[in-house]
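Everything below concerns the one structure shown next.
Lettering follows sequence order; numbering is per chain, from 1.
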2 protein chains.
Amino acid sequence: MALKHTILAFLSRHPLSGYDVAKEFAEGFGSCFWKASQQQVYAELTKLEQQGSVSYEAIPQAGRLDKKIYSITEQGQQELLNWLTQPCEPSAIREDLGVMGLAGHLVSPQVVIREIERRRQLHLKMVEHVKKLDEHFAKHLNSLELKDIYMHLIIRRGIRYQEEWVAWCDEALAAIAQAVNQ
Amino acid sequence: MALKHTILAFLSRHPLSGYDVAKEFAEGFGSCFWKASQQQVYAELTKLEQQGSVSYEAIPQAGRLDKKIYSITEQGQQELLNWLTQPCEPSAIREDLGVMGLAGHLVSPQVVIREIERRRQLHLKMVEHVKKLDEHFAKHLNSLELKDIYMHLIIRRGIRYQEEWVAWCDEALAAIAQAVNQ
DNA sequence: TCAAGCATGTAAGGCGTTACATGATTTA
DNA sequence: TAAATCATGTAACGCCTTACATGCTTGA
């Protein structure tokens, strides 16, 4: 699984606190290819530290728990590298909406239409969100280092994914409308 | 989670054995929106039976364990219906390849290129596979009942998803090639 | 003064993967 | 004779979700 390696990859760029890593997943670059909760991130960092893949420096905070700034270790770098040079498989698709394909006729078309319209709105918002992550890269497309081209391409994947959903919703709404009105 | 409801939805069409349900996920219509292993299917069917959402008829087989033909119960139908009328959220994206965006510069461009080319091939094959599921529907597009339009649309979603991946691979390969050659 | 942001965790339970286990029938 | 298909499971372990828990600082 890649939660471990995604965290290592973040830390291979700069040291970060657990809070920062969790934010990357929730709103930052991580959000366009991996989802992880705050609890998962803290648990994984604790495990990685025990295994020697990361280390932390504790920074005392006035009246709070220490802030822990995590860095990747030599060993962690090696693990990340080994993982990167091995082929990876496409992720499994698990999409609740698919059940409509089998059992949509059990509810009224209006229920199906409403659900697809809702989805369309959600994915439109996601397009906006992911495009913001790409702003910097899109502006300097012709002068990006390879490192940043990789980031741009992953964000592009996120944008295309969300746009594709919007397009499918349009196709589906049109097909259902036609079937219902005739 | 929708494994339960996907199985109920399959059984709402016709009674099936565990083996048949597992096959639907592995190669059939299920494969375009949900993944579940054989073990998961058997475990879930046992649970659903204990909870009264499905029932089975045991059919003796010469020299084997009985074959169990599962049907949805009144209670199962109700559960499926309740679930269908509630809004559902987009599934989380978890894509191993995304780590390349953060840490691709740690390996040579050739490794990244090889990986994306591999992905392109895999998704091309998936396009073929999913298109076969749609053959019947695509042929009779203008005379489909709503029930079958729903199935067609879910398969269309699968086709578009896989085609979108191929298109992204092309975009990525072109961008990397340009950056490496200059 | 209330919400949002900063900052850290614990615990229970469900879902999914991997490995193991059995054995007949059909097709190449 | 070997592989694929039919047909059913058990067990261990790890990943993810949901709920709970604490407390300071900053901005509206």
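- Not counting sequence neighbours, the partners of B/F33 by the ring pair (Phe, Tyr, Trp, His ring centres under 6.0 Å) test are B/F29.
- Here the C1' atom of nucleotide C/dA7 and the CG atom of A/L45 are 13 Å apart, to the nearest Å.
- To the nearest angstrom, P of C/dG14 lies 10 Å from CD of B/Q51.
- Under the rule for a salt bridge (charged side-chain N to carboxylate O under 4.0 Å, His left out), the partners of A/E171 that lie at least two apart in sequence or sit in another chain are B/R156, B/R160.
- Rounded to 10 degrees, the angle between the two end axes of the helix from C/dT1-D/dA28 to C/dA28-D/dT1 is 50°, with five pairs used at each end.
- Residues A/G101 and B/I154 come closest through the heavy atom pair CA-CG1, 3.3 Å.
- Look at A/K23 and you'll find a side-chain N or O under 4.0 angstrom from OP1 or OP2 of C/dC6.
- Across the protein-nucleic acid pair, B/L48 atom CG and C/dC15 atom P stand 10 Å apart, rounded to whole Å.
- In this structure B/A58 satisfies the side chain to side chain contact (heavy atoms under 4.5 Å, CB included) test together with B/Y56, B/D66, sequence neighbours excluded.
- For A/E24, there are no salt bridge (charged side-chain N to carboxylate O under 4.0 Å, His left out) partners two or more places apart in sequence or in a different chain.
- As rounded to whole Å, 16 Å separates atom P of C/dA7 from atom OH of A/Y56.
- The side chain to side chain donor-acceptor pair (under 3.5 Å) pairs that include a residue from residues 135-146 of chain B number zero, where partners must be two or more places apart or lie in different chains.
- Atom P of nucleotide D/dT17 and atom CG of A/D96 are separated by 12 Å, given to the nearest angstrom.
- If you take CG of A/L16 and P of C/dA7, they are 12 Å apart, rounded to a whole angstrom.
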*Can you give one letter per nucleotide of nucleotides 7-16 of chain D, 5' to 3': B if a protein heavy atom sits under 4.0 Å from the base, S if only from the sugar-phosphate, - if neither?*
BBBB----SS
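- With sequence neighbours left out, B/Y19 forms a ring pair (Phe, Tyr, Trp, His ring centres under 6.0 Å) with no residue at all.
- Sorted by first and then second residue, the pairs that involve residues 95-123 of chain A and meet side chain to side chain donor-acceptor pair (under 3.5 Å), not counting sequence neighbours, are A/E95-A/R119, A/E95-B/S91, A/E115-A/R118, A/R118-B/E89, A/R119-A/H123, A/R120-A/D170, A/H123-A/Q162.
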